[in-house]
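Everything below concerns the one structure shown next.
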Amino acid sequence: MKKDRKESLIANYKGIVMYQLYIANKLYSSWSLRPWLLLKQLAIPFTEQLVPFGEGATQPHFLQFSPTGKVPCLHDAERTIWDSLAITEYLAERHTGVWPQDDDARAWARCAAAEMHSGFFALRQQCGMHCGVLIEMAQIDAALQRDLDRVAALWQEGLSRFGGPFLAGARFSAVDAFFAPVAIRVRAYQLPLPTPAAEYAQRLLNLPAMQQWLNEALAEPWLEPSHETEILAAGRLVQDLRQP
């Protein structure tokens with residue numbers, strides 16, 4: 001930890017951006033994916049610091065690098081920025097392309113990202129992120145269907161209004177990063193979406209950076225029992241993508 005911080009300080013002194021992004025297991029951590037994908041897609045230099053989940057809901061060892069004991073957490077020399085939305089805005093102050101240049105697209109993108117950040121509870125609770133399995137859902141209840149309908153409406157609005165192929169126009173931006181974990185859930189749980197929304201989800205999955213995340217997730221040696229149990233409670237395991 002101290003060595004990483006020292007290297008970051010030296011790099012910043014030399015005029016080189018050297019962010020340290022702390023994340024957890026790529027297999028499960030939807031919040032980690034958002035800033036990681038944003039940094040990768042915009043070619044912003046950073047060093048990944050992956051710290052695996054321990055068992056249980058709380059992660060006291062994360063307090064070594066994150067004041068909340070949660071991920072993601074960005075270190076920029078002596079600054080610590082936690083929470084994915086705060087990290088996004090911090091990056092937007094320092095790098096172009098985080099949000100769209102067009103005023104209307106930028107306002108819409110910020111609203112959509114904030115809605116994702118603070119909502120869609122049924123989707124989160126019933127379809128926890130997992131990059132390594134395909135599940136046949138036991139049921140899609142009314143609360144989950146409302147979330148899926150809202151996702152579809154939001155995605156189709158952005159694609160139609162700003163011309164695609166990304167949610168706020170021709171270029172990938174932070175709003176796409178915020179919905180990237182939903183694309184993984186759509187695949188993992190075979191969630192039904194209208195064709196334009198389903199095609200957008202696949203477009204996100206096909207991004208080279210997303211493919212890197214998914215491949216590295218499948219290669220991870222760590223399993224966390226509560227995450228695995230939560231996933232299998234959603235329905236029938238169709239395929240474990242981690243199996244050779």
Side-chain angles (χ1 to χ4, degrees), residues 30-44 83-89 91-93 95-129 131 134-135 137 139-214:
S30 61
W31 294 106
S32 296
L33 171 58
R34 294 179 171 98
W36 186 96
L37 182 62
L38 184 63
L39 288 162
K40 283 283 183 179
Q41 280 296 120
L42 299 185
I44 298 172
D83 185 275
S84 58
L85 191 55
I87 292 170
T88 297
E89 294 295 0
L91 294 174
E93 292 173 346
H95 304 276
T96 60
V98 173
W99 296 112
Q101 287 189 332
D102 177 77
D103 288 349
D104 288 342
R106 186 169 63 254
W108 184 91
R110 277 192 159 116
C111 289
E115 183 177 351
M116 180 70 252
H117 188 260
S118 62
F120 298 98
F121 298 114
L123 179 60
R124 296 180 197 279
Q125 292 169 2
Q126 297 184 40
C127 303
M129 189 172 102
C131 297
L134 300 179
I135 298 288
M137 293 287 288
Q139 66 169 344
I140 295 180
D141 65 18
L144 178 55
Q145 188 60 58
R146 282 194 296 272
D147 276 1
L148 293 177
D149 290 345
R150 178 55 184 158
V151 165
L154 198 57
W155 286 2
Q156 291 179 133
E157 178 189 358
L159 294 169
S160 174
R161 183 172 169 184
F162 303 110
F166 295 105
L167 286 183
R171 301 184 64 178
F172 179 97
S173 67
V175 66
D176 301 292
F178 268 77
F179 281 101
V182 177
I184 292 176
R185 288 175 164 100
V186 168
R187 182 188 73 162
Y189 298 93
Q190 304 171 78
L191 299 173
L193 290 174
T195 299
E199 290 176 347
Y200 168 70
Q202 189 60 51
R203 197 173 303 131
L204 288 182
L205 293 172
N206 290 341
L207 291 171
M210 279 283 276
Q211 287 294 305
Q212 179 184 344
W213 176 281
L214 292 167

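Only a predicted model underlies this, so the values are computations on that prediction, with no experimental measurement involved. Computed from heavy atoms alone, side chains included, the values below leave out hydrogens, waters and symmetry copies.
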Please evaluate residues Thr88 and Arg34 with respect to the criterion side-chain contact (heavy atoms from CB on, under 4.5 Å), reporting the C-alpha separation (whole Å), side-chain torsions for both, the decisive distance (0.1 Å), and the verdict. CA-CA 9 Å; Thr88 297; Arg34 294 179 171 98; over 6 Å; no
Taking it one step at a time, do His117 and Trp31 satisfy side-chain contact (heavy atoms from CB on, under 4.5 Å)? CA-CA 9 Å; His117 188 260; Trp31 294 106; 3.6 Å; yes
Output, in order, the C-alpha distance, side-chain angles, deciding distance and verdict of side-chain contact (heavy atoms from CB on, under 4.5 Å) for Arg150 and Asp147. CA-CA 5 Å; Arg150 178 55 184 158; Asp147 276 1; 5.6 Å; no
Before giving the answer on side-chain contact (heavy atoms from CB on, under 4.5 Å), spell out for Asp141 and Gln126 the whole-Å C-alpha distance, their side-chain angles and the decisive distance to 0.1 Å. CA-CA 10 Å; Asp141 65 18; Gln126 297 184 40; 3.0 Å; yes
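When side chains are defined from C-beta on, Arg171 does not count as touching Gln101, because their heavy atoms never get closer than 4.5 Å. For the pair Phe120/Cys127, no side-chain contact is recorded, criterion being any heavy-atom separation below 4.5 Å from C-beta on. A 4.5 Å side-chain heavy-atom check between Leu144 and Gln125 finds every atom pair outside the cut-off. The side-chain heavy atoms of Pro208 and Lys40, taken from C-beta on, include no pair separated by under 4.5 Å. Side-chain contact between Phe162 and Leu167 is absent, with no heavy-atom pair separated by less than 4.5 Å. Contact of the Glu199 side chain with the Leu193 side chain is not registered, since no non-hydrogen atoms from C-beta on lie closer than 4.5 Å. Using a 4.5 Å heavy-atom threshold, the side chains of Gln212 and Leu207 count as separate. Within the 4.5 Å cutoff, the side chain of Pro192 has heavy atoms near those of the Ile140 side chain.
Here the side chain of Arg124 pairs a donor or acceptor atom with the backbone of Gly119 at under 3.5 angstrom. With hydrogens and angles disregarded, no donor-acceptor distance shorter than 3.5 Å links the side chain of Tyr200 to the backbone of Ala183. For Gln211 (side chain) and Leu205 (main-chain N/O), a donor-acceptor pair under 3.5 Å exists by modelled atom type. Side-chain atoms of Asp176 do not come within 3.5 Å of backbone N or O of Phe166 as any donor-acceptor pair. Panel note: side chain Gln190, backbone Ile135; a donor-acceptor pair is recorded below 3.5 Å.
Summarising the geometry of Ala180 relative to Met210, their closest heavy-atom pair is O-CE, 3.8 Å, with the distance given to 0.1 Å. Scanning both residues, Pro35 and Ser84, for their nearest heavy atoms gives CD-CB, 4.2 Å. Summarising the geometry of Ala113 relative to Val175, their closest heavy-atom pair is N-CG2, 4.0 Å, with the distance given to 0.1 Å. What you find for Pro165 and Arg203 is that their closest heavy atoms are O-NH1, 2.6 Å.
Annotation: the span from Leu33 atom CG to Phe178 atom CZ amounts to 10.5 Å, rounded to 0.5 Å. From Ser30, atom OG reaches atom CZ of Arg185 across 4.5 Å, with rounding to the nearest 0.5 Å. From His95, atom NE2 reaches atom CG of Leu42 across 9.0 Å, with rounding to the nearest 0.5 Å. In this structure, SG on Cys131 lies 4.0 Å from CD1 on Ile184, to the nearest 0.5 angstrom. With values rounded to the nearest 0.5 angstrom, Trp99 atom CH2 is found 11.0 Å from Leu91 atom CG. Between Leu123 atom CG and Tyr189 atom OH the span is 9.0 Å, to the nearest 0.5 Å.
For the pair Asp103 and Arg106, the salt-bridge criterion is met [side-chain N within less than 4.0 Å of a carboxylate O]. Between Glu89 and Arg110 there is a salt bridge, since at least one side-chain N of the basic residue sits less than 4.0 Å from a carboxylate O of the acidic one.
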